[in-house]
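Small disclaimer: the values here were computed from a predicted structure and weren't measured.
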Amino acid sequence: MNLPTAVLPEPRTEHAEVLVVGGGNAGISLAARLRRDGWRDVVLVEPSPVHRYRPLLNYVGAGEASMRSLEKPMGRVVPDGVRWVRDAVASVDHVSKVVTTGRGRRLRYTTLVVCPGTQEDWDDTPGLQSAYTAGWATSTYVPSAVPLVWPALRALRSGTVLFTVPPEPAPCAATALKPLLMACDAWRRAGVLDDLDVVLALPEEHVTGVPKADARLERAFARYGVRVLRRARVARVDPVLRSVELTTPAGPVHLDDLAHAHVVPHYRAPRWVVDAGLATDEPGRLVSVDPGTMRSTVSDDVWSLGDVASLGTSSSGGGLRKQVNVLAKNLTAAAKGRRLHRYDGFTVMPVTTSHRRLVLVERDRSGPRPRHLPVLHRFRPRRLTWLFDRYGLPVLYWHRILRGKV
């Protein structure tokens, strides 16, 4: 007997004037700023129940902070008046202007802002995820591995330890030096640094591209006896033999029987960005935008900022504050048919050079960025900048930045 086929109802389509995808710094800060600017219908799509102040992850990896100090429930940081859809994006149809979530919700938008951050591309480095599971590879970039970093580094007394700076695109890649240089300082104070072979793999010739800042960092590497491999990238990892193969201009380099490896994975945009036809063809497949206006090159109704946007600059929290300011103004300008503002690629790279000192590097697409106030020895590592990075910025983040006030 043939039974009648059940007809399922079409999923209800909801509407948002501004639909923001991503509940990290970019999404929360922008949503808050839009509400302050008078936008009434702002919807945020974010599946995670937890919001993290990610810069503190490096300090957790150096024994200077706890995971609890950098996490808050997502519900406490979603701005008042913003509707939170606790779900992940499954697909985007920029022609029909509809976002579909993993649970089948259909969200029709007038304006879409894509800022979900980037994701670890484990497939790009064979064996790395298994090495994380085995426990001898970690990094401060992967939240689940962060609590394991400091116990592993603190326990080292001899052997070879590898640190990597990830190639672009990556979330503020230069800060991957923080756990390296803070660990070296701790090993020096413990009297074991000379018994360790510390290796650093840089994806380019230098770290920041700002000569005076890079000269300071090179002196720090020399002071701690760090062996630097330049234009080097991790090709594969053997999780059983505890070995890493790196590609360099001079040929492959093999590091065997590692005591520990702080290897940051490579990053890419979420798959749905590519499937939606919003991505560039470059590594990482970031959202293709005009780097000045942050408007999509594919659809005038789509915008992007943060790690996932192809903005032609190193991502950072300091740069993101500028992006939020420009993009908020541009959404209003676009709605009123006015001239768009432009983001100049400003970014900030805070790098600790010891246990209690930090160098703050500011630049834009044209080169080093002048400070607002003249400072002697501007690239000198200072305790004051370390204190601001470690203690001042988190307060500013929770109470001002996430509320759209900076």
### Message
Are Pro270 and Val89 packed together at the side-chain level, in the sense that at least one heavy-atom pair is separated by less than 4.5 angstrom?
### Response
no
### Query
Between Lys329 and Asp37, is the closest basic N to carboxylate O distance under 4.0 Å?
no
### Query
Would you call Glu14-Arg105 a salt bridge at under 4.0 Å N-O?
yes
### Query
Can you pull the side-chain hydrogen bond (donor to acceptor under 3.5 Å, both in side chains) pairs that have at least one residue in residues 42-51, sequence neighbours excluded?
His51-Tyr397
### Query
Which residue pairs pass the ring pair (Phe, Tyr, Trp, His ring centres under 6.0 Å) test when at least one of the two sits in residues 108-134, sequence neighbours left out?
Trp122-Tyr132
### Residue pairs involving residues 248-265 (criterion side-chain hydrogen bond (donor to acceptor under 3.5 Å, both in side chains); sequence neighbours excluded)
Thr138-His260
### Message
For a salt bridge (charged side-chain N to carboxylate O under 4.0 Å, His left out) check, start with the C-alpha distance between Arg227 and Asp197, then their side-chain angles and the critical distance, and finish with the verdict.
### Response
CA-CA 8 Å; Arg227 179 157 55 103; Asp197 178 19; 2.6 Å; yes
### Summary
In short, ring pair (Phe, Tyr, Trp, His ring centres under 6.0 Å) pairs touching residues 61-85 with sequence neighbours left out are none
### Task
Taking the side chain as every heavy atom from C-beta outward, state whether Leu180 and Tyr224 have any atom pair closer than 4.5 Å.
no
### Task
Quick one: list whatever passes salt bridge (charged side-chain N to carboxylate O under 4.0 Å, His left out) with Arg268, sequence neighbours left out.
Asp121
### Query
Can you pull the ring pair (Phe, Tyr, Trp, His ring centres under 6.0 Å) pairs that have at least one residue in residues 169-188, sequence neighbours excluded?
none
#### Entry: Contact list for residues 286-313, test ring pair (Phe, Tyr, Trp, His ring centres under 6.0 Å), sequence neighbours left out
none
For residues 272-285, run the donor-acceptor check on the side chains, cut-off 3.5 Å, and write out each pair with its distance to 0.1 Å, sequence neighbours left out.
{"unit_1": "Thr280", "atom_1": "OG1", "unit_2": "Glu282", "atom_2": "N", "d": "3.3"}
{"unit_1": "Arg285", "atom_1": "NE", "unit_2": "Thr280", "atom_2": "O", "d": "2.4"}
{"unit_1": "Arg285", "atom_1": "NH2", "unit_2": "Thr280", "atom_2": "O", "d": "3.4"}

### Message
Restricting to salt bridge (charged side-chain N to carboxylate O under 4.0 Å, His left out), what partner residues turn up for Asp389, sequence neighbours left out?
### Response
Lys178
### From Asp238 atom CG to Leu255 atom CG, the distance as rounded to the nearest 0.5 Å
13.0 Å
#### Entry: Atom CZ of Arg189 with >12 non-hydrogen neighbours under 6.0 angstrom
yes
Would you give me the side-chain donor-acceptor pairs under 3.5 Å for residues 141-157, sequence neighbours excluded?
{"unit_1": "Tyr141", "atom_1": "OH", "unit_2": "Pro171", "atom_2": "O", "d": "3.2"}
{"unit_1": "Tyr141", "atom_1": "OH", "unit_2": "Cys172", "atom_2": "O", "d": "2.8"}
{"unit_1": "Tyr141", "atom_1": "OH", "unit_2": "Ala173", "atom_2": "O", "d": "3.4"}
{"unit_1": "Tyr141", "atom_1": "OH", "unit_2": "Thr175", "atom_2": "OG1", "d": "3.2"}
{"unit_1": "Tyr141", "atom_1": "OH", "unit_2": "Ala176", "atom_2": "N", "d": "3.4"}
{"unit_1": "Arg157", "atom_1": "NH1", "unit_2": "Arg154", "atom_2": "O", "d": "2.8"}

### Task
Show your working on salt bridge (charged side-chain N to carboxylate O under 4.0 Å, His left out) between Arg76 and Glu71 and close with a plain yes or no.
CA-CA 11 Å; Arg76 288 179 56 187; Glu71 295 180 335; over 6 Å; no
### Message
Is it the case that atom NZ in Lys212 sees more than 12 heavy atoms from other parts of the structure closer than 6.0 Å?
### Response
no
### Query
With the threshold set at 4.0 Å, does a side-chain nitrogen-carboxylate oxygen contact exist between Glu204 and Arg230?
no
### Task
First locate atom CG of Asp41, then atom CG of Leu34, and finally report the distance between them rounded to the nearest 0.5 Å.
11.5 Å
### Query
With sequence neighbours excluded, what pairs up with Arg365 under the salt bridge (charged side-chain N to carboxylate O under 4.0 Å, His left out) test?
none
### Message
Less than 4.5 Å apart, side chain to side chain, heavy atoms only: is that true for Arg383 and Arg357?
### Response
yes
### Partners meeting salt bridge (charged side-chain N to carboxylate O under 4.0 Å, His left out) with Glu120 (sequence neighbours left out)
none
### Task
May I ask you to check whether Asn325 and Arg33 show a side-chain donor-acceptor distance below 3.5 Å?
yes
